[in-house]
Amino acid sequence: GEDLRWDVLHQVAEEVMGADVCLVIGTSGLVHPVADLPSLAHEAGAKLIEINIEDTAITGQMDYAIRGPAAEVLPALLQGWS
């Protein structure tokens with residue numbers, strides 16, 4: 001029910017279209033137009049990684065889906081990169 005500033009949404013859309021990887025964390029994938037951002041990233045060539053406790057409305061679009069709480073998954077991913 002919150003209003004979105006369209007100028008901010010447009011800027012975010014431009015940023016995701018330039019991303020190599022798009023992390024989709026803790027969302028249902030049902031709230032539009034924000035739920036469309038992963039598709040924009042993917043169309044521009046980004047890999048999509050979903051981190052969530054369960055499948056969502058957009059899981060089928062993901063290149064990778066990691067199940068678990070973000071508070072546990074993200075620190076584990078960061079440890080693997082260091």
Side-chain angles (χ1 to χ4, degrees):
E2 293 180 38
D3 288 334
L4 293 174
R5 287 188 38 202
W6 290 105
D7 59 324
V8 173
L9 184 60
H10 180 74
Q11 182 179 357
V12 171
E14 286 183 8
E15 293 293 331
V16 300
M17 288 189 296
D20 295 325
V21 174
C22 179
L23 297 176
V24 182
I25 303 170
T27 181
S28 66
L30 296 173
V31 180
H32 294 275
V34 176
D36 297 324
L37 293 171
S39 293
L40 288 175
H42 195 259
E43 289 171 11
K47 292 291 184 188
L48 301 180
I49 303 171
E50 179 181 59
I51 300 171
N52 209 319
I53 58 173
E54 59 189 9
D55 286 357
T56 69
I58 57 176
T59 297
Q61 299 174 33
M62 300 296 129
D63 295 296
Y64 305 96
I66 302 171
R67 294 291 157 250
E72 296 173 11
V73 173
L74 287 173
L77 285 176
L78 291 173
Q79 282 182 349
W81 268 324
S82 57

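Here the structure is a predicted model, which means the values were calculated and not measured. Below, all heavy atoms of this structure are taken into account, side chains as well, without hydrogens, waters or symmetry copies. Positions are given from 1, in the same order as the sequence printed here.
Rounding to the nearest 0.5 angstrom, the gap separating the CG atom in Leu37 from the SG atom in Cys22 is 7.5 Å. Distance NE2/His42 to CD1/Ile58: 11.5 Å, rounded to 0.5 Å. Atom OH in Tyr64 sits 5.5 Å away from atom NZ in Lys47 (nearest 0.5 Å). Remark: Met17 CE to Leu40 CG distance equals 6.0 Å, nearest 0.5 Å.
Taking both residues in full, the closest heavy atoms of Thr56 and Ser28 are given as CB-O, 3.4 Å, listed atom of the first, atom of the second, then distance. Nearest heavy atoms, Gly68 versus Ile51: O-CG2, 4.2 Å. Of all heavy-atom pairs spanning Ala46 and Ala19, the tightest one is CB-O, 3.3 Å. Of all heavy-atom pairs between Ala57 and Gly29, the closest is CB-O, 3.9 Å. Leu9 and Pro33 make their closest contact through CD2-CG, 3.3 Å (heavy atoms, listed as atom of the first residue, atom of the second, distance).
Side chains of Leu74 and Gln79 form no contact here, defined as non-hydrogen atoms less than 4.5 Å apart. Considering only heavy atoms from C-beta on, Ser39 comes within 4.5 Å of Gln61 through its side chain.
Leu30 and Leu4 fall into different hydrophobic clusters, where Ile, Leu, Val, Met, Phe, Trp and Tyr residues are linked whenever their side-chain heavy atoms come under 4.5 Å apart, directly or through other members. Note on Ile53: it does not cluster hydrophobically with Leu77, by side-chain heavy-atom contacts below 4.5 Å among ILVMFWY residues. Note on Met62 and Leu23: separate hydrophobic clusters, where clusters join Ile, Leu, Val, Met, Phe, Trp and Tyr whose side-chain heavy atoms are under 4.5 Å apart, directly or indirectly. Linking Ile, Leu, Val, Met, Phe, Trp and Tyr residues whenever their side-chain heavy atoms come within less than 4.5 Å places Val21 and Ile25 in a single cluster.
Summarising the local packing, NE2 of His10 is surrounded by 12 or fewer heavy atoms from other residues, nucleotides or ligands at distances under 6.0 Å. Atom CD of Gln11 has 12 or fewer heavy atoms from other residues, nucleotides or ligands within 6.0 Å.
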Report task. Report the C-alpha separation of Ile66 and Ile49 in whole Å, then their side-chain angles, then the decisive distance to 0.1 Å, and conclude whether the side chain to side chain contact (heavy atoms under 4.5 Å, CB included) test is met. Result -> CA-CA 7 Å; Ile66 302 171; Ile49 303 171; 4.0 Å; yes

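Asp63 contributes a side-chain N or O that, together with a main-chain N or O of Leu48, makes up a donor-acceptor pair within less than 3.5 Å. Under a 3.5 Å cut-off, the side chain of Asn52 and the backbone N or O of Thr27 do form a donor-acceptor pair.
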